[in-house]
Every structure is written in C-alpha cells, then in structure tokens.
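Each ligand, and each atom within it, is numbered from 1 in the order the structure gives.
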Amino acid sequence: MAKFTTFSVRKNKVAEGAKPLVAVTAYDYTFAKLVDGLVDIVLVGDSLGMVVQGHTNTLSVTLEQMIYHTRCVAAGLKNTHLVVDMPFMSYQVTVEGALTNAGRLLSEGGAQAVKIEGGVTIARTITRLVEMGIPVMGHIGLTPQSVHALGGYRIQGKTEIERESIIQDALALEDAGVYAIVLEGIPSELSQIITEQIKVPTIGIGAGPNCDGQILVLQDFLGLNPDFQPKFVKRFAKLAEETRSAVTAYADEVREKSFPEKEHSFHVDS
Ligand code: KIV
C-alpha cells in the first residue's frame, strides 16, 4: 500500500469508487505497527489522557506527552497517515504559540498533520497554520477539550440553533483550509448535511454512517476496557477477557512451577 497522505485523504472524497476512510487512534509503537497498512489514518489522540493515563478527561495532557507518544507511534508506521491532537491550551492562547507547538509536533513528533478542536472561533489560527505549511484536521460537534463548557460529554446538535452553529463551524473550517473534519457526537442527519455541503472529507465518531470515514479509539473497539461501553462503540474483539485469561494462565503456571519448561530455558550444552 502506498503511503497515505493529506492529499490522499482529500482525494478520497471525490475519487471514483473510493471506500470510506478508516481511522483509529494509537498511542504506542506496538499498536501502531499492528494497525499500519490496515487503516488509512492513525490519530495520536489526546484521549490518551483517559486511555493511557487514567484521567477522567483530556485536559491535563501536555505538549511534551503528545510529542513523546507521537514519536513512539511514528516509529511503528510505514504506510498509514499520522495525525496528532494539539492538546488543551497549546493552540488557543496565541497564533504564534499554536504555530510553535504545531511545528514541534511535526518536527519532533514526526506527525504529518495536527488535529485541532473548534470551529468559527479557532478558524483564524487554522488559516495561519495552513498558510505556514502545517496541515490541519478540524474537530467539531462534541469537542472533549470543552467538556466543562458543554456540561459533560453530551451529544451536540440536538436543537436547531446548535445544528446551525455546527454547520457554520464546518464551513469556517473548510474556508480556513483544513484537509478533513472529525464530527463527534452529533445526530446522523446533521453529519449528512455537513458531509454533503463541504468539499473536504468528514470523519465521524458517534456521528452515524453518513460521514466520509469513521474513527474509533482502538482500545474501545478491541474491548480492552470492559467498564466503557458507549452507544457509538461496537466491540470487534474481547481483548480484556483474553488478556486476563492469558495472565491467569501464566500466573498459575509460574506458581505451579510448570513454566518455564526446558524449551524456554538455556543450558550450558545447548
Ligand atoms: O482524542 C481522540 O482520540 C479523538 C478521537 C476519538 C476523535 O479526538
């Protein structure tokens, strides 16, 4: 498979017979290597604050942590497009700050693009990043970095006013030059309207089937966290159960002294 780029992502929207874009999150080398070439886009999401660090939201994730995890993921990818989240307050304060921080995610982390939450209010910053040669993926609807402003992880676009404001966000991002937009936690009807109105691909999470692509957190659809089962996640595997049963088997064999056996051991004469 050829290396997937921002150009491939854009082109996918208009290419004859193109299949929906497939995106997943990854935070480390092992998973990045496993998914490389199977999906089109890997996102180093700031969801690592919850999935890796065990926090209840993404707000405490730092730029240094994002750079570190992006470097780990980049080491495992050969074919798949790599985009990284700009963490909370790394792009909102000044345009100059956003440029410096996005630049570090590309030059030190090895990402090909950054993802930024927000619409109309952040469009000016996005325009500047794009002008400076930094590709930006937008993210609107339920934007997790605004969890407190939104009053929790609530589906957005339930009222006509909210829907109009999300459409305006999508149009502002398209004007600002994003190469794709994540639509999170909005009704399917709204993602259909946005997907039909804008020329860049939409990538949905909890936004129904009418987007140009889909993204999920890898650990969620692998079933690695049995306590987390939101409506928009389908479990494609039950790896929590598999992991626990493998660890139990290992612990039993160590305690019974049936592991390691001869084949797992080194000897002076072999
Ligand atoms: O942080 C993240 O993982 C995300 C995706 C789930 C869209 O933003």
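- The aromatic rings of Tyr27 and His69 stand perpendicular to each other, their planes meeting at an angle above 60°, with 30° marking the opposite boundary.
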**OP:** Take His81 and Tyr179, measure what ring-ring contact (aromatic ring centres under 6.0 Å, His included) needs, and give me the verdict at the end.
**Re:** CA-CA 12 Å; His81 175 64; Tyr179 71 100; 5.5 Å; yes
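- Inspection of the Gln156 and Glu184 side chains reveals no N or O donor paired with an N or O acceptor under 3.5 Å.
- Looking at Asp220, its side chain never comes within 3.5 Å of a backbone N or O of Val233 through a donor-acceptor pair.
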Short N or O separations between ligand 1 and the protein, below 3.5 Å:
residue: ligand 1; atom: 1 (O); partner: Asp46; partner atom: N; Å: 3.3
residue: ligand 1; atom: 1 (O); partner: Asp46; partner atom: OD1; Å: 3.1
residue: ligand 1; atom: 1 (O); partner: Ser47; partner atom: N; Å: 3.0
residue: ligand 1; atom: 1 (O); partner: Ser47; partner atom: OG; Å: 3.2
residue: ligand 1; atom: 1 (O); partner: Asp85; partner atom: OD2; Å: 3.0
residue: ligand 1; atom: 3 (O); partner: Ser47; partner atom: OG; Å: 2.5
residue: ligand 1; atom: 8 (O); partner: Lys115; partner atom: NZ; Å: 2.9

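- In this structure, a donor-acceptor pair under 3.5 Å is absent between the side chains of Ser188 and Ser191.
- To the nearest 0.5 Å, atom OH of residue Tyr29 and atom CG of residue Leu77 are 10.5 Å apart.
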